[in-house]
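Shown next, in structure tokens, is the structure this report addresses.
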Protein chains: 2
Amino acid sequence: MGIDGRKLKILQAIIHNYITNAEPVGSRTISKKYDLGVSPATIRNEMSDLEELGFLVQPHTSAGRVPSDRAYRLYVDSLVNKKRIKLVQKRQIKTSLVDGINELEELIQNSAKVLSKLTNYTSLAIAPQLIESRLKHIQLVPIDETKLLMVLVTNSGIVKNTVFNIEKEISNSQLNLISNFLTKKLKGHRIDELGIELKKNLTKEIFELRDVIKDVMPMINKSIDDLEEIDLYSDGVTNIFNFPEYNDITKAKSFLSFLENKENVIDMLLRNKNQDIEITIGKENCYEEIKNCSLITATYRFNGKTIGKVGVIGPTRMAYAKVIPVVKSIAVNLNDILEKHFEL
Amino acid sequence: MGIDGRKLKILQAIIHNYITNAEPVGSRTISKKYDLGVSPATIRNEMSDLEELGFLVQPHTSAGRVPSDRAYRLYVDSLVNKKRIKLVQKRQIKTSLVDGINELEELIQNSAKVLSKLTNYTSLAIAPQLIESRLKHIQLVPIDETKLLMVLVTNSGIVKNTVFNIEKEISNSQLNLISNFLTKKLKGHRIDELGIELKKNLTKEIFELRDVIKDVMPMINKSIDDLEEIDLYSDGVTNIFNFPEYNDITKAKSFLSFLENKENVIDMLLRNKNQDIEITIGKENCYEEIKNCSLITATYRFNGKTIGKVGVIGPTRMAYAKVIPVVKSIAVNLNDILEKHFEL
DNA sequence: TATTAGCACTCTTTAGTATTGAGTGCTAAT
DNA sequence: ATTAGCACTCAATACTAAAGAGTGCTAATA
């Protein structure tokens, strides 16, 4: 028993109906609302088949049927490359993303905001990771007698501060000298190789500077460790309450607690790195707390390299057809903006 | 009819019982559990009086009684200066606050974490506002041909970055010159007066620098505006689900939505600036969404000036006696840490 | 052979009713 | 002034009946 055209149409109708109404769908409803030209009885037979094939689930004998994760998967796969975004939304995204935004982190945070506004789901975004990007400028700034601020600027326009302690005060002019020296030597190198590079260069340098740099070096290494910390933004977290499947307080709590745990969320977002857009449905998710959720993520890139993710999370009964193009569009726009504004 | 010693004792017993059990308290319960040496009937009479006086409320005729906001107020006022913190907790706070913390913002964020961990309520903290602090160092760092990073370091050790656009490229050495010039001229001035100060000084300076500084000036002003944005941290947001009063999904949603609105939360925290510790009970709160919540906040200071707030929010039925000393202690420790580590 | 009308059957949902029990307020006795 | 006793109130709980949505099967139909 395969899944012929009619079965597919019925399945799609059921999915559509369930996504909009959140209630099990019966044969009569399909027959009346969707013009398939067959009687409820026929649809019933087909539905029975679809259940046997694993695409539908019955909450109980006398209820209608509900799409399974597998049904959503089929539905989504048939959808991914088709849907285009509404022109209005497209324009809206383009203008609202950069509206009043100057810094990269703000841009990402704002992306999350726009995403949740447009979709009415909870949105997530991780800020550019700079581990793969290259150093552009390094500057040491005095804070007080025992504290130094190191500012790193990367080629992707990301700025990172690290404060660290020093043993003896270093004069302003000396700091500038060191800054210039470090910038000259380390510019263009990958952030995660700065430590090695620094060691390599150090041996050849004049004593005067060498002494001071020796003090600073372990700090630079520590600072680089700090860089690996990933910033996570979310928005529209309370949107989850809009969905009847989360009227159950324990479910809502479980979902929100999961989101509160930054590490898990980041891990979830980074699990697959390669696809432009990825959709994880229900049990496909690795974390128990969100096995009744779907996740739609897109990657944004810079110079062809993945540097971050944006996405939307909500019940498996998600408005995929509406959300997918929005997420896609946000990512595309982010790529454009990064290209234009953050490297010339 | 006043509120004599016995009435007070009964009221306290009721409050205590209600705080721990979250259920209306009856006369029999008080008579049995609290050794007041009187019969339930007597207690009933007293309770009736206490209700008339506005300290108790009856959900319905055949239920026990529940403390009113006014009762909590009385209770809290009698409490504030008495309760001492447990030694264990005190030590715990002291060590855990600075554990692995280098930057000021981390410190505040961590304070929120410790606070929610110790109290099991939702904690809030606002990071030091630097509007009142004074400039220590200013440094311009190149990002690319059209972008400049301005780093401000204040006397309270706060670092603030602002990225802005420039029209024509400025050389590295020129940037250092400008940075030095700006630092020299503006050091020690209040952050919110930098703009005026800059204007004053500018007229007297040599032409060469003046030209470039003119370009930079509007940016500095803009950057200063940015400084006024207040960072808010929260932790243990989902703790609210631990309280039966938030089993109602609409109440939980209302609470969480309120917390999602950063501006309102900040406004709430900043409403009273002067007290060391402040407790706002139920309807005393200005925002509708939290009129059944209590808020306990403390101020932390630096050089005698209020620079931030930490606090806890939860149902009016809050474990005041437990929470107040913890909040207090966190603030005291913050003061100490700031004193020690961020200015010598 | 595929479709469909008809109908019995299942199981949740809703409404209605009775019962229970916690707690009060009043009265009369101490 | 205190308290035992008791009638009364009202939410919470349990139980029952009825309604309704939807299915699956059978037999009739095109």
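Numbered from 1 within each chain, the chains take letters A, B, ... in sequence-line order. Remember, it's a predicted structure, so these values are computed and weren't measured experimentally.
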If the cut-off is 4.0 Å, is T61(A) near the phosphate of dG22(D), judged by side-chain N/O to OP1 or OP2? no
Would you kindly compare P40(B) and G26(A) by the position of their nearest DNA chain D nucleotide and give the one closer to the 5′ end? P40(B)
L56(A) CG to dG24(D) P: how many Å, rounded? 11 Å
Considering just the side-chain nitrogens and oxygens of S27(A), establish if one lies under 4.0 Å of OP1 or OP2 belonging to dT23(D). yes
Report the distance from atom CG of N45(B) to atom C1' of dG23(C), rounded to the nearest whole Å. 14 Å
Regarding the side chain of Q58(B), the nearest nucleotide among dT4(C), dT24(C), dA11(D) is dT24(C)
Nucleotide opposite dT9(D) in a Watson-Crick or G-U pair, distances under 3.5 Å: dA22(C)
Measure the distance from CD on E23(A) to P on dT13(C) and round it to the nearest whole Å. 10 Å
Look at K251(B) together with E245(B) and state whether they make a salt bridge at an N to O cut-off of under 4.0 Å. no
Across all strands shown, which nucleotide pairs with dA29(C) by Watson-Crick or G-U wobble geometry, both distances under 3.5 Å? dT2(D)
Which of the following nucleotides, dT2(D), dG22(D), dT23(D), is nearest to the side chain of T42(B)? dT2(D)
Of K7(A), R65(A), R44(A), which is the lone residue that meets salt bridge (charged side-chain N to carboxylate O under 4.0 Å, His left out) with E51(A)? R65(A)
Is R28(B) close enough to dT3(D) that one of its side-chain N or O atoms is under 4.0 Å from OP1 or OP2 there? no
Side chain of H60(A) (C-beta onward), nearest among dG23(C), dT9(D), dT12(C): dT12(C)
Starting the side chain at C-beta, find the nucleotide from dC11(C), dG21(C), dA5(C) nearest to S39(A). dA5(C)
Side-chain contact check for M47(A): nearest option of dT10(C), dG5(D), dT23(D) is dT23(D)
Between C1' of dT27(C) and CZ of R44(B), the distance in whole Å: 12 Å
Protein-nucleotide distance (D49(A), atom CG; dC25(D), atom C1'), rounded to Å: 15 Å
My understanding is that a pair needs two contacts under 3.5 Å, Watson-Crick or G-U wobble. By that rule, which nucleotide pairs with dT14(C)? dA17(D)
Would you classify R65(A) as touching base, sugar-phosphate or nothing, given that sugar-phosphate means primed atoms plus P, OP1 and OP2, and contacts are heavy atoms under 4.0 Å? sugar-phosphate
Need to verify one output field. Residue with the more 5' nearest nucleotide on DNA chain C, A63(B) or A41(B)? A63(B)
Determine whether the aromatic ring centres of Y246(B) and F255(B) lie less than 6.0 Å apart. yes
Looking only at the side chain of S62(B) (C-beta and beyond, no hydrogens), which of the listed nucleotides dT24(C), dT3(C), dT9(D) gets closest? dT9(D)
According to a strict under-4.0 Å criterion, is R6(B) in side-chain N/O contact with OP1 or OP2 of dT2(D)? yes
In terms of side-chain geometry, is the basic nitrogen of R73(A) or E284(A) positioned less than 4.0 Å from the acidic oxygen of its partner? yes
Applying side chain to side chain donor-acceptor pair (under 3.5 Å), run through N242(A) and K253(B) and close with a yes or a no. CA-CA 9 Å; N242(A) 299 334; K253(B) 178 178 180 174; 2.9 Å; yes
Hey, is the main chain of S116(A) close enough, under 3.5 Å, to the side chain of D235(A) for a donor-acceptor pair? no
